[in-house]
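Beneath this line is the structure, given in structure tokens, with notes to follow.
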Amino acid sequence: MQIVKLPIKLKDLNKLKIRFPQRRWLRWLIIALLAFFILSVILAIWFSIWFVSLDISKLAVPLSLPTLIYDKNAKLASELSSTKIEPVTLAHIPKQLRDAVVATEDRRFYEHSGVDLRSITRALWHDLRSHGFVEGGSTITQQLAKNMFLPLDKTMSRKLKEAAYALKIELSYSKDEILVLYLNSIYYGEGQWGVQQAAKTYFGKNTEDLTLVESATLAGLLKAPSKYDPLRNKDGALERRNIVLTLMNEQKKLSSADYKLAIASPLVLAIQTEDKSKQSYPDFIDAVLAEATELYGFTEGQLLTSGLSIYSTMDPYVQLAAEAVYLDTQFFPESKPDQLIQSGTVIIDQHTGEIRGIVGHRGESVFRGFNFATKLKRQPGSAFKPLSVYGPALEQGYTPDSMLFDSDLNINGYRPKDYDLQTRGQVTLKEAIANSYNIPAVWLLHEIGIDAGINFATRAGIALTKDDRKLGIALGGMSEGTSPLLMAQAFTAFANLGDMHPAHAISRIVSSTGKVLVDAKSLPVKVTSPAVAYTMTTLLVNAVSEGTGKAAALDRPIAGKTGTTELPDTAEFSGIVSTGSVSKDAWFVGYTPELTAAVWMGYDKTDKDHYLTSGSSAAAKIFKEIISRALQDQPVVPFPVPAELASHGNDNPKDKQNSKDDKHNAKDGNSIRNENNSTGDHGKGKGKKK
């Protein structure tokens, strides 16, 4: 091959007066393409208007279609719909409310013809620069068209139809008429549709009587009704209201004097007297709506007005059993008069990940209120030990008979204590987990390495942060905490021989036209081996029959783990002795061969007057009662045995690796107390969790 030599060196090119093409041509090309695209869109829209029949007569009666929610047997469980719309005329809508909505949602509303080409161009230019695609540039007219006539997908075809409908609406209605239609049909949160219902719900008055700050509050809701709901997020609603007022001021719709007065005004809401607790299966339905919005991207407006059919995983027999237990005060410790002890539970079919039942609160129900079963973040205490310590230890070859250290322990200043403040020198792993001893758990995590514990818990779906890389996670001392939903999901890996199916409440969502919008098909996650999962099951069965979980025992196989978290180490609680019977949170996470469940119990706001004195047994009793009712007609069956262990029967696997006995026997405590280990930092837990 002949090598051709360049007449000049590459480094000398910059010295030459040669002008290479600049990127100006690229900008002109993009502009030309945008212009061509916009022209094509306009032509397509006008073609749709004049040659395709677009029926907008529905605008005369803006009624929504209810969403139907079915149980796992495809039987109707609940029907969700908007409240009856109470329309108001333009004369009853204050100008300041109209100005607030236009300033926030579509500042050029009175200038464009239904489709704002300037906004579309700006949105497209932003998409090109960010190499992404967002659905920007929608006008009030387009939003009206989308809500009234179009499916929920985000395709280009739907966007073209939306624009076509918007242009036809503009040809048929005046701007003020369009704005009135929009305000009468839009969703304002709390199940309220139309501005009149919203005004009554939030401020206890008719639309025509709304003040400037009240009008701005309602206008701010339109972007995200749940996020800015003033009844549930007053600070967020106030912040959003002030943004609306600022936009009005910037667009000269509000004088500087009025702006300063309004921005300083408090957010005053009407006293809520309406009973909203009549919804069937309220907590499960809330979880379904949350999953539809957070996982699949539906808006609340779409969920409540689009005629969807949502097929859930709820088993009404299990759900009703759980609800009945939560309505019976005899199963709960006595609460203080001014605050109810709260609780949440989740019941999952471990073979599929399908959630069979959810109860997320005690007391009165509030639509889309806080769900302690799914949204809670609390430290799980010793219920976390199977995930952070014993599961990964079994993977490393430890067995139920391995000896663990249980004496005075000091690892870089971290000195855990057993709940009874006693030590036993050495205990077997089986004894340690059954009696929920803390020192052996911390010692063992130190032996196997914190990374092993974090890795196992993460595989089981528990999110940990960099602040959790401490020995305190052996006792559930997480920096952020977790929920009953995630704890139950994690334990399904033990119940299902190592495989965890992601927990879910929705199996399918079908549109009003029969189109399948969501078809949930979850693949199992391999958390651990069948042998390790089964060994853990035998250990947790023993913890229920012989250990701290006795309150959960039934005449059928039960495996589970208790957990409590101590009161905060602050001056407020200095006069309260934090022992095994005084705690902030109480947990029980367990399973049968059929179902896995987690129960949390505690005060929503813990202080020196509000804390638990019943320990984890109260949570275990709730688990027992729910499972007893849910499975009362089911035959008693044993836990499945992995094929590789089937030849040994149901006995616990024995330690056959005699060569590893020295490794698995507890070290002398002195060698640990003087050890300088970089991973030995302790977490928030103080080691008195049971």
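Computed from a prediction, not measured in an experiment: that's the story for all the values here.
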Quick check: does any side chain N or O of [X] sit under 3.5 Å from a backbone N or O of [Y], one acting as donor and the other as acceptor?
X: Ser512; Y: Leu308; value: no
X: Thr293; Y: Ala290; value: yes
X: Arg378; Y: Gly481; value: no
X: Gln142; Y: Thr139; value: yes
X: Glu105; Y: Val102; value: no
X: Ser215; Y: Gln96; value: no
X: Arg98; Y: Ile93; value: yes
X: Asn206; Y: Asp209; value: no
X: Ser483; Y: Lys377; value: no
X: Asp468; Y: Thr465; value: yes

Subject >> Option from Asp286, Asp604, Asp283 for which side chain to side chain donor-acceptor pair (under 3.5 Å) with His361 holds >> reply: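 When Asp286, Asp604, Asp283 are each tested with His361, the side chain to side chain donor-acceptor pair (under 3.5 Å) holds only for Asp283.
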Side-chain heavy atoms of [X] within contact of [Y], under 4.5 Å:
X: Glu480; Y: Gln379; result: no
X: Ser335; Y: Tyr603; result: yes
X: Ile140; Y: Val101; result: yes
X: Asp585; Y: Leu612; result: no
X: Leu97; Y: Lys95; result: no
X: Asn249; Y: Ser256; result: yes
X: Ile69; Y: Tyr281; result: no
X: Asn371; Y: Ile358; result: yes

For a quick check under 3.5 Å, do [X] and [Y] share a side-chain donor-acceptor pair by atom type?
X: Asp258; Y: Ser255; result: yes
X: Glu190; Y: Thr201; result: no
X: Gln143; Y: Tyr182; result: yes
X: Thr67; Y: Glu79; result: no

Original post:
Is the charged tip of Lys223 near the ring of Tyr228: under 6.0 Å from the six-membered ring centre and within 45° of its axis?
Top reply: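 Negative - Lys223 is either too far from the ring of Tyr228 or too far off its axis.
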**OP:** Tell me, please, whether Tyr326 has Arg362 positioned over its six-membered ring: NZ or CZ under 6.0 Å from the ring centre and within 45 degrees of its axis?
**Re:**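 No, Arg362 does not lie over the aromatic ring of Tyr326.
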Mind checking the [atom1]-[atom2] spacing from [X] to [Y]? Nearest 0.5 Å is all I need.
X: Thr141; Y: Lys146; atom1: OG1; atom2: NZ; result: 12.5 Å
X: Gln197; Y: Thr207; atom1: CD; atom2: OG1; result: 9.0 Å
X: Ile355; Y: Gln319; atom1: CD1; atom2: CD; result: 10.5 Å
X: Lys584; Y: Thr606; atom1: NZ; atom2: OG1; result: 4.5 Å
X: Met248; Y: Thr104; atom1: CE; atom2: OG1; result: 7.5 Å
X: Asp106; Y: Leu179; atom1: CG; atom2: CG; result: 9.5 Å

**OP:** For Ala145 and Ile169, work out which heavy atoms get closest and say how close.
**Re:**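 Closest approach of Ala145 to Ile169, heavy atoms only: CB-CD1, 4.1 Å.
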**OP:** Specify the closest pair of heavy atoms between Pro484 and Phe372, including all atoms of both residues, with the distance to one decimal.
**Re:**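 Looking at all heavy atoms of both residues, the closest pair is CD-O, 3.4 Å.
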More than 12 non-hydrogen atoms from neighbouring residues, nucleotides or ligands closer than 6.0 Å to [atom1] on [X], yes or no?
X: Lys227; atom1: NZ; result: no
X: Lys336; atom1: NZ; result: yes
X: Glu177; atom1: CD; result: yes

Original post:
Please walk me through it: do Leu340 and Gln342 pass side chain to side chain contact (heavy atoms under 4.5 Å, CB included)?
Top reply: CA-CA 6 Å; Leu340 189 67; Gln342 277 298 340; 4.3 Å; yes
**OP:** Evaluate the side chain to side chain contact (heavy atoms under 4.5 Å, CB included) criterion for residues Ile509 and Tyr311: first the C-alpha distance (whole Å), next the side-chain angles of each, then the deciding distance (0.1 Å), finally the verdict.
**Re:** CA-CA 6 Å; Ile509 300 179; Tyr311 293 86; over 6 Å; no
Original post:
How are the rings of Trp193 and Tyr187 set to each other: parallel, tilted or perpendicular (split at 30° and 60°)?
Top reply: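 Rings of Trp193 and Tyr187: tilted, 30 to 60°.
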**OP:** Before giving the answer on side chain to side chain contact (heavy atoms under 4.5 Å, CB included), spell out for Met478 and Leu464 the whole-Å C-alpha distance, their side-chain angles and the decisive distance to 0.1 Å.
**Re:** CA-CA 7 Å; Met478 301 171 63; Leu464 297 171; 3.7 Å; yes
Subject >> Worked verdict on Glu214 versus Arg241 for salt bridge (Lys or Arg N to Asp or Glu O under 4.0 Å) >> reply: CA-CA 8 Å; Glu214 292 167 348; Arg241 182 206 72 180; over 6 Å; no
Original post:
Going through the distances and angles, do Ser507 and Thr313 end up as a side chain to side chain donor-acceptor pair (under 3.5 Å)?
Top reply: CA-CA 6 Å; Ser507 57; Thr313 61; over 6 Å; no
